[in-house]
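The block underneath contains the structure these notes are about, expressed in structure tokens.
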Amino acid sequence: MATEKSRRRQLSAALADAGASNTVRSGVEFVIDYLRGGDVSGTDLTDRPFLVNPAHEVRGRVGELLERFARARRQLRHGHGP
């Protein structure tokens with residue numbers, strides 16, 4: 001157990017030295033706890049920035065992506081490259 005605590009302190013210090021934000025460090029600690037089978041029941045997963053909501057991420061970009069797809073498809077139909 002002492003080794004685990006020591007390693008956790010070393011990781012925290014290394015992340016801080018690398019300029020990782022508190023949010024990033026907190027996320028790393030959550031992932032470690034989760035993967036090691038630790039108690040993460042008190043963690044609000046909707047408040048974790050590393051859990052991405054795809055609908056939120058593409059908001060505002062869907063129109064442009066669809067237009068690019070349609071344009072490339074039209075070009076291919078007419079024998080031109082994208």
Side-chain angles (χ1 to χ4, degrees):
M1 188 61 114
T3 301
E4 182 180 338
K5 288 181 182 180
S6 172
R7 292 175 68 190
R8 180 66 69 102
R9 282 193 303 271
Q10 288 174 342
L11 176 60
S12 183
L15 289 170
D17 289 346
S21 68
N22 287 337
T23 302
V24 169
R25 290 196 305 254
S26 172
V28 169
E29 289 176 1
F30 167 80
V31 169
I32 290 170
D33 289 339
Y34 178 81
L35 293 175
R36 293 181 56 88
D39 181 14
V40 293
S41 61
T43 303
D44 180 3
L45 296 179
T46 62
D47 192 37
R48 294 279 141 198
F50 53 87
L51 298 175
V52 176
N53 178 342
H56 179 73
E57 290 300 310
V58 298
R59 188 177 301 145
R61 298 186 312 188
V62 172
E64 177 191 349
L65 291 172
L66 290 173
E67 178 56 37
R68 284 181 19 198
F69 175 76
R71 187 172 38 249
R73 190 170 179 193
R74 284 191 302 270
Q75 288 176 343
L76 288 174
R77 269 197 218 150
H78 296 291
H80 305 337

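Counted within 6.0 Å of CZ on Arg8, heavy atoms from surrounding residues, nucleotides or ligands total more than 12; the atom is thus considered enclosed.
A distance of 11.0 Å separates OG of Ser41 from CG of Asp33, quoted to the nearest 0.5 Å. Atom CG of Leu66 sits about 12.0 Å away from atom CZ of Arg73, to the nearest 0.5 Å. We find the CZ-CZ distance between Arg68 and Arg71 to be 8.0 Å, quoted to the nearest 0.5 Å.
Hydrophobic cluster membership is shared by Val40 and Leu35, with clusters built from Ile, Leu, Val, Met, Phe, Trp and Tyr side chains linked at under 4.5 angstrom.
In summary, Glu29 and Arg25 do not engage in a salt bridge, as defined by a charged side-chain N under 4.0 Å from a carboxylate O.
Contact check for Ile32 versus Leu11: side-chain heavy atoms found under the 4.5 Å cut-off. Taking the side chain as every heavy atom from C-beta outward, Glu4 and Arg7 never approach each other to under 4.5 Å.
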